[in-house]
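Please read all numbers here as calculations on a predicted model, not as lab measurements. Here is the naming used below: chain letters follow the sequence lines, and residue numbers restart at 1 for every chain.
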Amino acid sequence: MTNFAPASTFNAGSAGKWRRAILRLILLSVLVIFALFYLMPLFVMVTTSLKSLEEIRTGSLVALPREVTFEAWRTAWSSACTGIQCEGLRPYFWNSVQLAIPAVLISTLLGAINGYVIAQWKFRGANLIFSLMLFGCFIPFQVVLLPMARTLGLMGLAGSIPGLIFVHVVYGIGFTTLFFRNYYVSVPSELVKAAKVDGAGFFRIFWSIFLPLSLPIIVVTVIWQFTQIWNDFLFGVSFSQAGTQPITVALNNIVNSTTGVKEYNVDMAAAIIAALPTLLVYVVAGKYFIRGLTAGSVKG
Amino acid sequence: MAPILDITSLYKNYGQTEILKDINVSIEPGDFLVLVGPSGCGKSTLLNCIAGLEPITSGSIEIDGRDMTQVSPKDRDIAMVFQSYALYPTMTVAKNITFGMKVRGVDAATQEAKLQQVASQLQIEQLLHRRPSQLSGGQRQRVAMGRALVRDPKLFLFDEPLSNLDAKLRVEMRSEIKKLHLNLGASMVYVTHDQIEAMTLATKIVVLKGGVVQQIGSPAEIYNRPANLFVADFMGSPAMNLIPARTHKNGSGTRIEIARDTGEPLVLSDPNSDLPSDVILGLRPEDIAEAGFRAGEGVQEARCVIDMVEPAGADTYVVSRLGGKQVTARLHAETKAQPGQPLNLAFDLSKVSYFAPETGERLN
Ligand SMILES: Nc1ncnc2c1ncn2[C@@H]1O[C@H](COP(=O)(O)OP(=O)(O)OP(=O)(O)O)[C@@H](O)[C@H]1O
Ligand SMILES: [Mg+2]
């Protein structure tokens, strides 16, 4: 809004005022239209998930439910069929939790240590290693599928949750290192020097001086990694087996395994359930996310 | 006694750039070495090399007789105050000060006692629970000092530790450091831009320029017998007068002529007969007085036109143009000198320095 302030200083008369009002109106309309555009699918999903099948068939897509029922949510959670099994999303939700939490924590911690080394303990070849890690961020998932399958097989982790954790950690290190490295380069190198003179070693300095500085970037990294890992489908479908599939794979199976009539309300509820954790993480930590992305320096 | 710090032919490069060239310095236990030199001459780099925070390119550093090349900073038994303070931003002042002791496993009671003692010494007791971001520049600087003072190292390294303090506090801290030095007999290497600090604290001064040592000596030696034009100009405020002059052999001595705008040169004579025909004559402002106020062997009087009079409280500085240079003389406060009027000045040639104009080296 303040963007339009200069117009009024140029043109203080009533013509200027009108122009300002009209511009603002146009701006607001555009924003509202976009907001509606983005909210529409969510609205349809939520309302549909709260309707009965009967109502979906007879009513309009965008109408509010006449009678709110959580039946579809219950089905999606505990009894929808994913292929031959009919246990709902619940077991897969826990698979995803067991997979995402360690993968996020490990990749964040490794990224923090890597970033700390690359930014503050310059060694010969540090820049080369960092460039290679950056390069790793941009390798398409598909390229690593076969070599990774072979590697997991050799490690005896094929089809297991630890195997998936391993894949996500390896794939995530590039990004987490990038985040932490960029954050730590703005920390004055005298801090490390002072701590060395004080007698602290590598890990002591990391633990006592760098980690306490890192809350904003930890939040950024955790949100980023959690969203990536929770939403991942390709690795999930490639490297899991019947009991270890993550929720994204299960969601796909629910939606695709049609036996008889298509239960749109269950599909919608399942999709929302699958998306909830990432939403939740963002709502809880979102304000740090913005702050962390913009926090360039850590003076004081 | 064996030197506590012994630096021999130390070179330090950053990439292709030579920062320090052939540094040879050694200090005895209890010495207070002050490093001075213009900004960018390598003072902080030298401290970093001594601390082991920057690898050296060649040469050697020994602390207390032990070669330090392979020794990490934490095992060198040094404490350092950084030019940029380098306070740990997430720790309180108290934690900042005790961190080193904590890391080294000093017991809590000793930590607390040391903390209180240093805090009162530095007048920061009421700041102990603040974070560095909540402190002023001078307060941060004192915390940085505190971090070094709680330790009891073989060698203290101070990088301009008082630069950000107000005049009064600076004088107080200066005497605290002096006391510390006298009481503990601690050995120190101290970087400063402040001439008075250098003169009052040092037992030994090293003047650096462009990574090369210009002179090493006691404050008196550096002040009275500067080794070259750079040192002469750099040390002392106001700076030494450096006046171009011509010389003629004159019996057993030398007749010295200093050109003047009025045409007739200023003539002085010196018993030294061993001077080249062109010299730069160096005299400190306090070695030029009003005629009649200075007596002694080498004192010679001459009439000079005063261009400017600058009262400075205890003294009055007057400026006269000699040899194409503005020459400053320090007179007593009650002088009758008037701008534009001539005045008899007394030049004390017993304190004179001569330099070769081409090389800048000292001649006498
Ligand atoms: N990491 C570095 N890489 C390259 N050159 C450097 C580096 N650190 C310092 N220098 C250069 O080394 C020279 C000496 O720097 P140093 O910090 O030792 O100067 P100083 O004498 O402490 O100056 P000041 O009085 O301004 O603190 C400078 O020319 C500086 O540009
Ligand atoms: Mg410096």
Side-chain angles (χ1 to χ4, degrees), chain A residues 108-109 112-113 115-128 180-221 288 291-292 294-300, chain B residues 14 44-45 47-55 71-92 95-106 130-137 139-140 143-148 150-151 153 155-159:
Chain A
T108 302
L109 186 68
I113 294 177
Y116 165 63
V117 172
I118 291 174
Q120 297 283 344
W121 294 75
K122 292 265 177 242
F123 55 94
R124 197 177 280 273
N127 283 334
L128 179 71
F180 279 97
R181 182 264 180 194
N182 287 354
Y183 191 78
Y184 288 153
V185 280
S186 65
V187 178
S189 62
E190 269 79 19
L191 283 191
V192 173
K193 292 183 174 175
K196 279 186 188 169
V197 171
D198 265 342
F202 179 88
F203 282 107
R204 183 64 185 246
I205 298 175
F206 178 63
W207 185 255
S208 299
I209 293 163
F210 280 79
L211 268 191
L213 277 175
S214 311
L215 183 64
I217 200 64
I218 290 176
V219 172
V220 168
T221 312
Y288 295 100
R291 218 182 279 163
T294 53
S297 73
V298 284
K299 292 287 147 57
Chain B
Y14 278 121
S44 300
T45 308
L47 283 198
N48 275 305
C49 291
I50 297 173
L53 298 167
E54 289 288 349
V71 180
S72 67
K74 71 174 162 48
D75 300 322
R76 291 192 181 201
D77 203 6
I78 48 165
M80 182 158 173
V81 177
F82 290 81
Q83 193 170 5
S84 58
Y85 319 145
L87 300 181
Y88 311 126
T90 55
M91 297 185 201
T92 60
K95 293 244 170 66
N96 260 283
I97 293 176
T98 52
F99 182 70
M101 292 190 284
K102 201 169 141 201
V103 169
R104 287 165 202 272
V106 174
R130 301 233 197 127
R131 297 270 172 96
S133 58
Q134 302 162 322
L135 300 177
S136 75
Q139 292 169 333
R140 287 180 205 186
V143 177
M145 284 275 284
R147 209 165 49 177
V150 287
R151 301 258 320 279
L155 193 60
F156 282 102
L157 306 174
F158 291 110
D159 201 344

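Neither the backbone nor the side chain of B/Q134 comes within less than 4.5 Å of any heavy atom of chain A. Using a 4.5 Å cut-off between heavy atoms, B/D77 does not touch chain A at all. With a 4.5 angstrom heavy-atom cutoff, A/S208 touches chain B via backbone and side-chain atoms both. If you measure heavy-atom distances from B/F82 to chain A, the contacts under 4.5 Å come from the side chain alone. Using a 4.5 Å cut-off between heavy atoms, B/L87 touches chain A through its backbone atoms (N, CA, C, O) alone. Within the 4.5 angstrom heavy-atom criterion, only side-chain atoms of B/M91, from C-beta onward, approach chain A.
Remark: B/S72 engages B/K74, B/D75 in a side-chain contact (heavy atoms from CB on, under 4.5 Å) (not counting sequence neighbours).
In terms of heavy-atom proximity, B/T90 sits nearest to A/I209 at OG1-O, 4.5 Å. When all heavy atoms of B/F99 and A/A195 are compared, the pair lying nearest together is CE2-CB, 4.4 Å. Shortest non-hydrogen contact noted between B/V103 and A/G199 is CG1-O, 3.2 Å.
Between B/P89 and A/L191 the shortest side-chain heavy-atom distance falls below 4.5 Å. Side chains of A/D198 and B/R151 form a contact here, defined as non-hydrogen atoms less than 4.5 Å apart. A/K196 places none of its side-chain heavy atoms less than 4.5 Å from the side chain of B/M80.
By the neighbour-count criterion of 12 heavy atoms within 6.0 Å, atom CH2 of A/W207 is sparsely surrounded, having that number or fewer from other residues, nucleotides or ligands. Within a 6.0 Å radius of CZ in A/F123, more than 12 heavy atoms belonging to other residues, nucleotides or ligands are found.
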